[in-house]
Amino acid sequence: MNVETSVIILLFVTIACLITLTVFIVRLIISATNLANNANVIATSVQKEIEPTLKELKEAAKSINSIANNADAKFQSTKAGVASLIGAGACLGGKLKSFSQGILKGVSFGLGLFRK
């Protein structure tokens, strides 16, 4: 009779453990489902809030890109103008240098003639 009583008690304890475990698993599944639904709602809200900001950022980036391209074109134009000015100055400077050297040679030649 002791063995029968022990088996019956073991059966009831096992059934109670299985019921408790099943309740906890069901509650876990319900909590996970609620968490997934809340995360979906949050993601949708964030997406709706970010869309106008992203559109404004896109327009601002296009505007900045346009300004940068315009400034780059103006800089290239200015650079070409300065380069041509420097090139003309260098050419003129080279001619003036050779002209001044010619004058110095002529003056020294003339002084050499008067010394003799």
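Exactly one residue among Val7, Val3, Ile9 makes a side-chain contact (heavy atoms from CB on, under 4.5 Å) with Thr5. That residue is Ile9. Exactly one residue among Leu10, Ile8, Thr14 makes a side-chain contact (heavy atoms from CB on, under 4.5 Å) with Phe12. That residue is Ile8.
From Leu28, atom CG reaches atom OG1 of Thr33 across 9.0 Å, with rounding to the nearest 0.5 Å. Distance check, rounded to the nearest 0.5 Å: CG of Leu35 to CD1 of Ile30 gives 13.5 Å. A distance of 7.0 Å separates CD1 of Ile19 from CD1 of Ile15, quoted to the nearest 0.5 Å. In this structure, OG on Ser66 lies 6.5 Å from CG on Asn70, to the nearest 0.5 angstrom.
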Show me the side-chain donor-acceptor pairs of residues 38-63 shorter than 3.5 Å, one per line, residues at least two apart or across chains.
residue	atom	partner	partner atom	Å
Asn38	ND2	Asn34	O	3.3
Thr44	OG1	Asn40	O	2.8
Ser45	OG	Val41	O	3.0

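Under the 4.5 Å side-chain contact rule for hydrophobic residues, Leu21 and Ile29 share a cluster.
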